[in-house]
Amino acid sequence: MKPRVRFAPSPTGFLHIGGARTALFNWLYACHTGGTFILRIEDTDAARNSQEAIGVILDGLRWLGLDWDEGPITAEVTGPSKGDCGPYFQSQRNAIYQRRVEALLSRGLAYEHEGAVKFKMQREPVLIKDVVVGEVVRKLTDREEADPDFVIMRSDGQPVFHLVNVVDDIEMNITHVIRGEDHLSNTAKHIALFQAFGVPAPHYAHIPLILNPDGTKMSKRDKGASLASYLDDGFLPEAVVNYLCLLGWSPKDNREKLSLAETIERFDLPQILRHNARFDYEKLLWLQGEYARELPNDRFYEMAVHAFAKAGTDTNRFPLDYVKAALDTCKGKFKTFKELPDYAGFYFRDQFDYNADGAKKDFIPENKPRLQKLRDAFGNIVLFTAANLEAALKATATELGVKAGVLVHPCRLAVTGNTAGPSLYHLLEVLGREKALARMDKAMGAF
RNA sequence: GACCCUAUCGUCUAGCGGUUAGGACACCACCCUUUCACGGUGGCGGCCCGGGUUCAAGUCCCGGUAGGGUCGCCA
């Protein structure tokens, strides 16, 4: 029988990076084994569910490219779905839970208590066989010792997580439960429930958690906790996926950058690490740079234009050839697309401030006549190309008896306002004679 | 408080009883270079502590310590 795995998030309004990694590992395992990946929405807590919150989950998974074989198609709880085990929203499966609870009740395995229904939990330790962690003997805690039973249906008739989780795993024929290690202790309850229903428990694989850089638990508020923040910050999903694969799993051959196909090929449950991992933003940034550099041009332009639009710059007001030429000078020189509007904004506006440190260093009296001479040399160029600009600048430098850098720095600052940026000669060519010379003229007034 | 999991450079990791403990990110230096980035070379830096077992322990066992998780009519 082919594995059937599921990602079962609850709609809290955001998708945690750790949840995304759990989804990824489930998806990878399904792909690796030719199994089925199911998306089930655990929206039993009516108080904090909303269609928007569900949309966040679907959008996040789609952005990462984690397509599901069974589950909802839209964020609408009564909307269409794919697969034969629906509904895939737990809020729509109440009759099923009701029947299961009644079955336990009638067999004396559960009982009513203050309007709620409690499950009769065994007092003996439970053996959890985990593919990742190994065999774990879970004893009762002191509080559980006092009352080992737990609520499976609230007094308002709504079922509780432990119950619905197990019932749906049974109903949906889940063979492998791959989830965060925060569920390991609860697994004893789940195993007891499976026994009560007379169904063998699935295989369990509890994966380590993702922690903050300082080792503390990564909660909602922490930087980088939300998957959506990576989309907002202009990361590439393939970089995020690649990075997430490296947290708690390793290809073991000293490689970091892996294609999805290779990862699917190599991924398996037993080699998942047992210890938690801290999130390293710098390493993600490095992978982002790796993927950004080799982005196909069409996608690069699309993302770049979008990044500018988001920053309030409509690049469509400029000729397409100009935009593309401008972007070509930037490719591979920045990492996240969020950086781009600052990096190359000078192509799309004539008003900008000069970098203060740069101005202090380069806009000094002795550079003014030099910049004037360079401006004149540029003005005499017939074809305003990078090669000709470079030749003119170097000739001018020789004539003045200075190194090229002496002219390069003030010139860059004059035409871009920045001390760093694309290749000077290429950006001048793209900018064109008129703008380039005008900006140099204007800068000389700032000395 | 109880129960469970974990422990290799700052971080992510390789390691499966015998290694000069390897790689990546970050950091530092140098090279390349008009800036930045890329690339190249080199460097810094680690087996949590204490007991065992063994000819031999990062690797196995026990204890400690530290970190994380769980014990809800949240999921």
Side-chain angles (χ1 to χ4, degrees), chain A residues 8-12 19 42-45 47-48 90 113-118 125 128 130 132-134 136-148 150-162 164-165 179-189 206 208-209 211 213-217 243 246-257 273-287 289-290 292-293 330-335 343 358 362 389-390 393-394 397 403-409 411-413 416 418-427:
Chain A
S10 80
T12 58
E42 306 221 331
D43 54 346
T44 54
D45 186 4
R48 58 184 205 192
Q90 291 185 327
H113 177 75
E114 292 176 357
V117 178
K118 292 182 86 171
I128 302 165
D130 193 280
V132 173
V133 188
V136 176
V137 179
R138 169 57 155 80
K139 298 190 204 100
L140 295 182
T141 66
D142 54 357
R143 293 184 61 174
E144 290 166 337
E145 205 76 59
D147 178 16
F150 56 93
V151 171
I152 54 175
M153 187 168 278
R154 301 170 192 151
S155 48
D156 64 2
Q158 287 299 111
V160 168
F161 164 70
H162 301 300
V164 297
N165 196 265
R179 66 192 354 174
E181 199 211 72
D182 49 339
H183 286 294
L184 184 57
S185 291
N186 288 149
T187 303
K189 291 185 173 76
H206 285 92
L209 269 22
L211 271 25
D214 66 359
T216 56
K217 183 182 183 178
Y243 178 68
L246 263 23
L247 246 33
W249 178 82
S250 160
K252 301 192 191 297
D253 63 356
N254 278 346
R255 288 192 311 142
E256 316 288 322
K257 194 170 166 232
L273 274 293
R274 275 97 23 206
H275 59 269
N276 296 340
R278 300 179 188 206
F279 197 88
D280 185 356
Y281 194 81
E282 293 299 326
K283 187 152 183 175
L284 168 61
L285 214 46
W286 168 71
L287 274 169
E290 293 288 306
R293 199 169 304 121
C330 304
K331 192 169 180 184
K333 309 214 29 156
F334 63 93
K335 290 192 166 77
Y343 186 79
D362 296 320
L389 285 155
E390 180 170 2
L393 184 141
K394 286 188 169 156
K403 286 198 283 192
V406 173
L407 297 178
V408 165
H409 296 290
C411 181
R412 171 185 298 285
L413 192 62
T416 72
N418 296 325
T419 54
S423 158
L424 178 64
Y425 310 120
H426 291 88
L427 76 83

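The chains referred to below are lettered A, B, ... by the order of the sequence lines, with proteins before strands, and numbering in each begins at 1.
Nucleotide B:C55 is matched to B:G18 when pairs are restricted to Watson-Crick or G-U wobble geometry with both distances under 3.5 angstrom.
Residue A:Glu114 is classed as a base contact, given a heavy-atom separation below 4.0 Å to a base. Using a 4.0 Å heavy-atom cutoff across all strands shown, A:Glu256 reaches at least one base atom of the nucleic acid. Residue A:Ile152 is out of contact with every strand shown, counting any heavy-atom pair closer than 4.0 Å. In this structure, A:Val137 reaches the sugar-phosphate backbone alone: every heavy-atom distance under 4.0 Å involves primed, P, OP1 or OP2 atoms, never a base.
Note on ring orientation: taking the six-membered ring where Trp is involved, the planes of A:Tyr243 and A:Phe279 are perpendicular (angle over 60°, cut-offs 30° and 60°).
Listed by chain and number, the residues in a salt bridge (charged side-chain N to carboxylate O under 4.0 Å, His left out) with A:Arg143 amount to none (sequence neighbours excluded).
Among B:A14, B:C73, B:C25, the nucleotide with an atom closest to any side-chain atom of A:Ser250 is B:A14. Side-chain proximity of A:Lys252 to the nucleotides B:A14, B:G72, B:C12 is greatest for B:A14. Each of B:U11, B:C12, B:C71 was ranked by its minimum atom distance to the side chain of A:Asp280; first place goes to B:U11.
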Output one line per pair: protein atom, nucleotide atom from nucleotides 65-69 of chain B, and distance, for all N/O pairs under 3.5 Å.
| unit_1 | atom_1 | unit_2 | atom_2 | d |
| --- | --- | --- | --- | --- |
| B:G68 | O2' | A:Asn276 | ND2 | 2.9 |
| B:G69 | O2' | A:Asp182 | O | 3.4 |
| B:G69 | N2 | A:Ser185 | OG | 3.2 |

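A donor and an acceptor atom, one from each side chain of A:Thr216 and A:Asp214, are located under 3.5 Å apart. Using a 3.5 Å distance cut-off with no hydrogens or angles, the side chains of A:Arg179 and A:Asn186 do not pair a donor with an acceptor.
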Original post:
Base, backbone or nothing for each nucleotide of nucleotides 27-48 of chain B, written B, S, -, heavy atoms under 4.0 angstrom, 5' to 3'?
Top reply: -------BBBSSS---------

